[in-house]
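Bear in mind that the values here come from a model prediction, so they are computed numbers and not experimental data. Within every chain, numbering begins at 1; the chains are lettered A, B, ... in the order of the sequence lines, protein sequences first and strands thereafter.
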Protein chains: 2
Amino acid sequence: MSESRPRIVPEATVARLAVYLRVLAGLADGGRSSVSSGELASAAGVNPAGLRKDLSYLGPCGVRGVGYSVAGLRERLTEVLGGERSRPCVLVGIGRLGSALADYAGFASRGFQFVGLLDSDPRTVGTEVGGLPVHPAEELEVVVARTGATIGVITTPAEVAQAVCDRLVAAGVRSILNFAPVALTVPAGVDVRKVDLSVELQVLAFLDQQRDGSAPVVTALRADARESVR
Amino acid sequence: MSESRPRIVPEATVARLAVYLRVLAGLADGGRSSVSSGELASAAGVNPAGLRKDLSYLGPCGVRGVGYSVAGLRERLTEVLGGERSRPCVLVGIGRLGSALADYAGFASRGFQFVGLLDSDPRTVGTEVGGLPVHPAEELEVVVARTGATIGVITTPAEVAQAVCDRLVAAGVRSILNFAPVALTVPAGVDVRKVDLSVELQVLAFLDQQRDGSAPVVTALRADARESVR
DNA sequence: ACGTGTGAATCTATTCACAGCC
DNA sequence: GGCTGTGAATAGATTCACACGT
């Protein structure tokens, strides 16, 4: 049961709402009861005006001349991001990166929850990571069916990523987060999001090189994934 | 010594150039000598016209009516992204995520190279990850000085990330990739890029929720980190 | 007076469509 | 004929500036 009028929230805003939620949790722990956009923005590493616009997509949730109620805003963001319940999520490929992600399930950030871990290495299968047992890769379909997972995370080697993806989709998963360095092909209606850690480093290396004096090519350096510099 | 005229390359383009480079490496291994923008684009998961525009920032590098030379384009991209040499890079926090990244150094994608690993856990110090020994955190300044690293990657817990960042900056690091879920404060002239894995999952969960029928808030679903759906 | 909420302006990025060359 | 290279058009995100409520 959500009340306020349904507006359109840009994807870039959704990502920042998750950050605001985390900052608010910290403020609440510190006993704070209200915040201004300026303070919240600086803690989140964004521009205050941008933060206010982000929040405005959820309808008015602050008090003019005063600021935002920490508890109230936190509740509103949780409602919007998490929905009523966390969405069940399976993770395929429990290597180092997969394990790191599984641990994130511990402080289960709102919105998702790992309900199944899968791996093809017999030495990993049967162990526990982040409080969950690792199942053999063959059981992928069974685990997805049993848990009703609609989200899948792929942290396998690149060679098997497409095959895993196909099986996830066939099993009913509709949203995929892909950490393998390949472009996945999926049928329409399935949403794939990609994170490429090595590319992040290469971009940073490129920008670093640019400033080192002898820059062969010049970049437009824009505030993209860049944080506040004060 | 780089020849062609220096243009301005948008950051979003730089990220994709790294992807093209990886795809080209695969094509070269497969014995291919030329590719069309359409084929390359589909393998990279982007729009063909966008790919051509990306490449156009480097000056003409294809042959009209024919396509791109795999070897030639690969060389050009390597030159632009990697500069002449890979940039030295230290990694602080050798937990699961840090180890996963250190392994990436193995197939050292062009542009960067890990030259120092640091951790504060005595059980981790002294071990080897990805072929490199892990040094105690106290030696951070020494390692940065000795290796001449200008890039630092932070994969520590959030609580210590700002302190590590301050030490990196003081030691001379000018570009930082931050995986800790906090907004880092740095002096002007230092570039911080942030990757927040938990936020990626929360965004995916939100989008997934949107399509599940009862959507409390509607999103503008745009082609951002989304891959090709064919 | 203070700080939110938001239209307008700006800047960036993506997509289209076609001219130009092989 | 086919495919690159690119200006023009479109869409998206960020920032500004100020009106509005308390």
message = In this structure, how many angstroms lie between the C1' atom of D:dT14 and the CG atom of A:Asp54, rounded?
response = 10 Å
query = Would you say B:Tyr68 and B:Val63 make side-chain contact, with heavy atoms under 4.5 Å?
reply = no
task = Take the protein atom OH of B:Tyr68 and the nucleotide atom P of D:dC3, then report the distance between them rounded to whole Å.
result = 12 Å
task = For A:Arg76 and C:dG5, give me the distance from atom CZ to atom P, rounded to whole Å.
result = 12 Å
Partner set under salt bridge (charged side-chain N to carboxylate O under 4.0 Å, His left out) for B:Arg74, not counting sequence neighbours = none
request  = Give the intermediate values and the outcome of side chain to side chain contact (heavy atoms under 4.5 Å, CB included) for residues A:Leu204 and B:Phe112.
outcome  = CA-CA 9 Å; A:Leu204 195 71; B:Phe112 69 92; over 6 Å; no
task = Without swapping roles, check the side chain of B:Arg211 against the backbone of A:Arg174 for a donor-acceptor pair under 3.5 Å.
result = yes
ask   = How about B:Arg193 and B:Ser175: does a side-chain donor come under 3.5 Å of a side-chain acceptor?
value = no
inquiry  = Using a 4.0 Å heavy-atom cut-off to protein, can you give one letter per nucleotide of nucleotides 16-22 of chain D, 5' to 3': B if the base is in contact, S if only the sugar-phosphate is, - if neither?
reply    = BB-BBBS
request  = Measure the distance from CD1 on A:Ile8 to C1' on D:dA11 and round it to the nearest whole Å.
outcome  = 13 Å
ask   = Expressed in angstrom and rounded to an integer, what is the separation of A:Glu11 atom CD from C:dT14 atom P?
value = 13 Å
ask   = Under the side chain to side chain contact (heavy atoms under 4.5 Å, CB included) criterion, do A:Thr150 and A:Arg87 qualify, and how do the steps go?
value = CA-CA 7 Å; A:Thr150 53; A:Arg87 306 195 70 78; 3.8 Å; yes
inquiry  = How many whole angstroms separate atom CZ of A:Arg16 from atom P of D:dA13?
reply    = 9 Å
inquiry  = In whole Å, I'd like the distance from the CG atom of B:Leu55 to the C1' atom of D:dG5.
reply    = 10 Å
ask   = Do the side-chain N or O atoms of A:Ser37 get closer than 4.0 angstrom to the phosphate oxygens (OP1, OP2) of C:dG3?
value = no
request  = Could you state the atom-to-atom distance from CG of B:Leu58 to P of D:dG5 in whole Å?
outcome  = 10 Å
